[in-house]
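A short worksheet on the structure shown next.
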Amino acid sequence: MPTDKNIELTINDGHAAAPPKAAKKILDVAYDLFYRRGIRAIGVDEIVKRAGVTKPSLYRSFPSKDELAASYLRQYDREYWERFDEAVAAHPGNPRAQISAFLTRVGKRTQRPDYRGCGMTNAAVEYPEHGHPARVVSEANKQELRRRLREMAAAMGAQDPDTLGDGLLLLIEGAYISGQLFGLGGPAASVARNADLLIEASLKK
């Protein structure tokens, strides 16, 4: 669920945004519903009802549902990189261990009964049209992940760092999807182990 910090609000036509508590409540509810059930499946009426606010209150902070979806994904993006950076910080100077730590946590999350994959991946599937606010946030997240993985592959001394980085990205995306399909005991639980095998095979001999 989103935290109090860094909630980005959009102001519509120069009108004052809703009070911070109301705006946060709206985003909290939207975050939960969008992640669990999908963005397109959730209407504004359900969000305001569950948040206990009025529709005008929502639109004073989020000019449209599309912008609310983008705000949800920006919050998701921040939390995603917080988790990634925690794994990096735990193993300074050791990109192989950093990736393993991050993917070990991913594998554990995929085993939860309420796991719904990666919110960014899900949003990209829901919104294939380039330029959609939700799609823009999702694409930026995936491009940055690809950049980081390729950079880390180079730091490990891979023979072909771009190919290894892309291979790791494909493993990660596969874990996000298969975690939803198989649940407990599924192949996503071993994503860190499979990544390590791929890394081992890709290092310079």
Side-chain angles (χ1 to χ4, degrees), residues 1-88 102 105-106 109-110 112-149 169 172-173 175-177 179-181:
M1 293 295 294
T3 58
D4 289 332
K5 63 183 179 180
N6 296 328
I7 294 178
E8 296 183 5
L9 303 179
T10 320
I11 297 176
N12 186 22
D13 298 330
H15 296 302
K21 286 185 179 180
K24 181 185 181 301
K25 188 181 294 185
I26 291 165
L27 187 54
D28 283 351
V29 169
Y31 187 109
D32 178 61
L33 292 174
F34 287 163
Y35 179 73
R36 288 192 297 107
R37 292 166 51 189
I39 299 171
R40 289 190 184 275
I42 301 300
V44 169
D45 288 339
E46 182 171 2
I47 293 171
V48 297
K49 181 179 179 181
R50 293 204 179 200
V53 300
T54 63
K55 194 177 291 187
S57 178
L58 183 151
Y59 285 123
R60 279 195 295 270
S61 289
F62 307 96
S64 65
K65 181 187 170 185
D66 287 346
E67 288 301 328
L68 177 57
S71 292
Y72 146 63
L73 290 169
R74 284 190 286 268
Q75 180 66 28
Y76 192 100
D77 180 72
R78 284 190 291 272
E79 294 173 355
Y80 185 94
W81 294 121
E82 284 173 3
R83 293 192 297 270
F84 193 97
D85 291 342
E86 283 175 4
V88 170
F102 176 69
R105 293 176 63 177
V106 169
R109 283 199 305 278
T110 66
R112 297 176 183 172
D114 60 346
Y115 184 70
R116 282 280 292 119
C118 174
M120 295 293 183
T121 301
N122 296 344
V125 172
E126 284 197 87
Y127 293 97
E129 57 271 28
H130 296 283
H132 187 282
R135 177 84 184 198
V136 169
V137 179
S138 299
E139 287 181 350
N141 174 274
K142 298 303 180 181
Q143 291 290 350
E144 175 62 11
L145 178 59
R146 187 186 192 197
R147 185 194 69 78
R148 291 195 190 197
L149 291 173
L169 180 57
I172 293 169
E173 291 298 321
Y176 293 150
I177 298 300
Q180 298 184 66
L181 293 172

**OP:** Nearest 0.5 Å please: distance from the CD1 atom of Ile47 over to the CG atom of Leu27.
**Re:**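 Atom-to-atom, Ile47:CD1 and Leu27:CG are 9.5 Å apart.
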Minimum heavy-atom distance between [X] and [Y], given as atom pair plus value:
{"X": "Ala124", "Y": "Ser138", "answer": "N-OG, 4.0 Å"}
{"X": "Leu73", "Y": "Gly119", "answer": "CD2-O, 3.8 Å"}
{"X": "Tyr35", "Y": "Gly117", "answer": "OH-O, 2.8 Å"}

Original post:
Does some side-chain heavy atom of Lys49 sit less than 4.5 Å from a side-chain heavy atom of Lys55?
Top reply: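 A side-chain contact under 4.5 Å is absent here.
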**OP:** Could you check if a side-chain atom of Trp81 sits within less than 4.5 angstrom of a side-chain atom of Asn141, using non-hydrogen atoms only?
**Re:**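 Yes, at least one pair of side-chain atoms sits under 4.5 Å.
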Run the ring-ring contact (aromatic ring centres under 6.0 Å, His included) test against [X] and tell me which residues pass, sequence neighbours left out.
{"X": "Tyr76", "answer": "none"}
{"X": "Phe34", "answer": "Tyr72"}
{"X": "Tyr80", "answer": "Phe102"}

Subject >> Derivation and outcome, side chain to side chain contact (heavy atoms under 4.5 Å, CB included), residues Ile39 and Tyr127 >> reply: CA-CA 9 Å; Ile39 299 171; Tyr127 293 97; 3.1 Å; yes
**OP:** Take Lys21 and Lys24, measure what side chain to side chain contact (heavy atoms under 4.5 Å, CB included) needs, and give me the verdict at the end.
**Re:** CA-CA 5 Å; Lys21 286 185 179 180; Lys24 181 185 181 301; 5.8 Å; no
List for me each residue that meets side chain to side chain contact (heavy atoms under 4.5 Å, CB included) alongside [X], sequence neighbours excluded, and say none if there are none.
{"X": "Arg146", "value": "Arg150, Asp166, Leu169"}
{"X": "Pro56", "value": "Thr54, Arg60"}
{"X": "Thr110", "value": "Val106, Tyr115, Ala188"}

Test of understanding: with salt bridge (charged side-chain N to carboxylate O under 4.0 Å, His left out), list the residues that count as partners of [X], not counting sequence neighbours.
{"X": "Glu86", "value": "Arg105"}
{"X": "Arg147", "value": "Glu144, Glu151"}
{"X": "Asp114", "value": "none"}
{"X": "Lys142", "value": "Glu173"}

**OP:** Using side chain to side chain donor-acceptor pair (under 3.5 Å) as the criterion, list what pairs up with Arg36, not counting sequence neighbours.
**Re:**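 Scan of Arg36 (side chain to side chain donor-acceptor pair (under 3.5 Å), adjacent residues dropped) gives Asp32.
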**OP:** Just grab all the salt bridge (charged side-chain N to carboxylate O under 4.0 Å, His left out) pairs involving residues 116-135, residues at least two apart or on different chains.
**Re:**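 Applying salt bridge (charged side-chain N to carboxylate O under 4.0 Å, His left out) to every pair that reaches into residues 116-135, excluding sequence neighbours, yields Arg40-Glu129, Arg135-Glu139.
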**OP:** Could you give me the CA-CA distance, side-chain angles and deciding distance for Val48 and Ile26, then say whether side chain to side chain contact (heavy atoms under 4.5 Å, CB included) is met?
**Re:** CA-CA 7 Å; Val48 297; Ile26 291 165; 5.8 Å; no
**OP:** Indicate yes or no for a side-chain donor-acceptor contact from Ser71 to the backbone of Glu67 under 3.5 Å, with no hydrogens or angles considered.
**Re:**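 Confirmed, Ser71 side chain pairs with Glu67 backbone.
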Original post:
Does the pair Arg50 and Asp45 meet the rule for a salt bridge (Lys or Arg N to Asp or Glu O under 4.0 Å), with working shown?
Top reply: CA-CA 9 Å; Arg50 293 204 179 200; Asp45 288 339; over 6 Å; no
Subject >> Trace of the side chain to side chain contact (heavy atoms under 4.5 Å, CB included) decision for Val29 with Glu46 >> reply: CA-CA 9 Å; Val29 169; Glu46 182 171 2; over 6 Å; no
Subject >> Enclosure of Lys25 NZ (heavy-atom neighbours >12, cutoff 6.0 Å) >> reply: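 No, NZ of Lys25 has 12 or fewer neighbouring heavy atoms, counting only those of other groups under 6.0 Å.
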Original post:
Are Glu79 and Arg74 close enough for a salt bridge, meaning some N to O gap below 4.0 Å?
Top reply: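 Arg74 and Glu79: not salt-bridged.
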